[in-house]
Novice: 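My structure is below; once you've seen it, I'll send some questions.
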Amino acid sequence: METGVAETYEERPRRRGRRWLVVLVVLVLILGGLLVVADRVAAGLAERAIADQVQQEVAKQNASSAPPQVDVGGFPFLTQVVDGRYERISIVLTDVQGSVEGNAVSLPRLDVDARNVRASLDTIRSGQGEVVAETVAGTGTVTYDSLAKLLDRPGLKLGEQNGKLAVTAPVDILGQKLTVTGTADVTVADNGKVALKFSDLNAQGLPAVPLARTLLNNYARGISVDVPLPALPFQLNVRKVEPRPEGLTVTADAKDVPINSAS
């Protein structure tokens, strides 16, 4: 009988200990969840503040876009705030509209990836001061319609063909209305413009006389020009251009760049 009583007293402390352990685990989980929520709320506030500043930066380039989408990478966010350095800030700009020599140039989307971003706690809290990125990389697409307008040739259309820039245009050669087709090499010129070199143009029905070929070659030289692009935000410098079905893809980068407007 005494043995049974002893076992009962031993079981009660064990059960109490287990209950306290369960309570402690639950409290830790709740606290951890609250910290995660607080971290994400703080990140959201920072993202909205940076988005407002980015909108101002775009306007400084005489351009416009839909409201920027900003994502502050790295976890936890709050430790990055204390340190004043952020691993990565991703910015997506859509419906970007720029201007070149009075012509509107459309970039349906511009993706910007800023790494090792420096911003003090006061800057994040007040929106005053600079948010500076050690490196910034951007990728955007210029529509072919916009690019064709910059060439200023009636009826000229651009597109992509087997990874090259393809052209189709109506021409008048020796009194005959013909359709010119061909491709161009696309590179980045030293001045940051897009260099177009059309060297392989043909026209079905072209008269078999030297003068007709000379006129066609002259047309090719006339559209083989360095085309300026609209000023990109964040001091991005164009490094590479590549024809793709959706448009001319532009790759750019910069270093030690303010990604907001200094106040």
Side-chain angles (χ1 to χ4, degrees), residues 58 61 63-66 68-69 90-113 136-173 177-206 213 215-234 236-254:
V58 172
Q61 304 297 333
S64 63
S65 74
Q69 302 170 34
S90 298
I91 302 165
V92 178
L93 297 170
T94 56
D95 299 326
V96 181
Q97 297 288 329
S99 178
V100 174
E101 300 175 353
N103 295 303
V105 177
S106 299
L107 285 82
R109 182 181 174 109
L110 177 62
D111 291 274
V112 178
D113 187 34
V136 177
T139 304
T141 301
V142 179
T143 62
Y144 288 125
D145 285 346
S146 294
L147 190 61
K149 289 178 182 178
L150 297 178
L151 294 178
D152 195 24
R153 297 291 176 125
L156 183 144
K157 295 183 179 179
L158 298 174
E160 182 270 343
Q161 180 180 316
N162 298 325
K164 285 197 169 187
L165 181 66
V167 62
T168 301
V171 294
D172 191 330
I173 295 180
K177 295 186 182 299
L178 305 174
T179 300
V180 171
T181 59
T183 58
D185 293 324
V186 185
T187 57
V188 179
D190 292 338
N191 53 14
K193 297 181 179 180
V194 176
L196 308 178
K197 185 178 181 181
F198 292 90
S199 58
D200 185 25
L201 297 186
N202 289 291
Q204 188 173 4
L206 183 71
R213 174 53 63 178
L215 293 174
L216 184 59
N217 291 339
N218 288 342
Y219 183 85
R221 282 193 292 270
I223 60 175
S224 297
V225 296
D226 292 350
V227 180
L229 294 175
L232 298 174
F234 318 116
L236 287 168
N237 298 307
V238 178
R239 303 299 184 192
K240 180 182 178 182
V241 287
E242 182 181 4
R244 293 184 180 177
E246 63 273 18
L248 190 67
T249 298
V250 177
T251 303
D253 60 28

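Below, each value reflects all heavy atoms present in this structure, side chains not excepted, and no hydrogens, waters or symmetry copies.
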Novice: Quick check: closest heavy atoms across L107 and P230, and the distance to 0.1 Å?
Specialist: CD1-CG, 4.1 Å
Novice: Which atom names give the shortest non-hydrogen contact between Y144 and R244, and what distance separates them?
Specialist: OH-O, 2.6 Å
Novice: Taking atom types as modelled, is there a side-chain donor on Q97 or S106 under 3.5 Å from an acceptor on the other?
Specialist: yes
Novice: Side chains of P228 and K193, heavy atoms from C-beta outward: is any pair under 4.5 Å?
Specialist: yes
Novice: Taking atom CD1 of I91 and atom CG of D113, what is their separation to the nearest 0.5 Å?
Specialist: 9.0 Å
Novice: Checking the side chain of T139 only, and the main-chain atoms of T251 only, is there a donor and an acceptor separated by less than 3.5 Å?
Specialist: no
Novice: So which heavy atom on L216 is nearest to which on N202, and how close?
Specialist: CD2-CA, 4.0 Å
Novice: Could you go step by step and tell me if V188 and R239 meet the side-chain contact (heavy atoms from CB on, under 4.5 Å) rule?
Specialist: CA-CA 7 Å; V188 179; R239 303 299 184 192; over 6 Å; no
Novice: Output the distance between atom CD (Q204) and atom OG1 (T179), rounded to the nearest 0.5 Å.
Specialist: 8.5 Å
Novice: Return the OH to CG distance between Y219 and L178, rounded to the nearest 0.5 Å.
Specialist: 11.5 Å
Novice: Are V112 and L110 close enough, and set up right, to give a side-chain contact (heavy atoms from CB on, under 4.5 Å), and what steps lead you there?
Specialist: CA-CA 6 Å; V112 178; L110 177 62; 4.1 Å; yes
Novice: Could you tell me whether the side chain of L196 reaches within less than 4.5 Å of the side chain of S224, counting heavy atoms only?
Specialist: no
Novice: Out of the candidates I223, T168, L151, only one should pair with L158 under the side-chain contact (heavy atoms from CB on, under 4.5 Å) rule; please name it.
Specialist: L151
Novice: Decide yes or no for T183 and P243: does some side-chain heavy atom of the first lie under 4.5 Å from some side-chain heavy atom of the second?
Specialist: no
Novice: Quick one: CD on E242 to OG1 on T141, what's the gap to the nearest 0.5 Å?
Specialist: 10.0 Å
Novice: Does N218, at its CG atom, have more than 12 non-hydrogen atoms belonging to other residues, nucleotides or ligands within less than 6.0 Å?
Specialist: yes
Novice: Report the distance from atom CG of D95 to atom CZ of R109, rounding to the nearest 0.5 Å.
Specialist: 11.0 Å
Novice: If you define the side chain from C-beta out and look only at heavy atoms, does anything of V142 sit under 4.5 Å from V194?
Specialist: no
Novice: Of all heavy-atom pairs between G155 and P170, which one has the smallest distance, and what is that distance?
Specialist: O-CD, 3.5 Å
Novice: Ignoring hydrogens, what is the shortest heavy-atom contact between S65 and V96? Give both atom names and the distance.
Specialist: CB-CG2, 4.0 Å
Novice: Report the distance from atom CG of D145 to atom NZ of K157, rounding to the nearest 0.5 Å.
Specialist: 8.5 Å
Novice: Apply side-chain contact (heavy atoms from CB on, under 4.5 Å) to residues K177 and D172 and explain how you reach the verdict.
Specialist: CA-CA 5 Å; K177 295 186 182 299; D172 191 330; 4.0 Å; yes
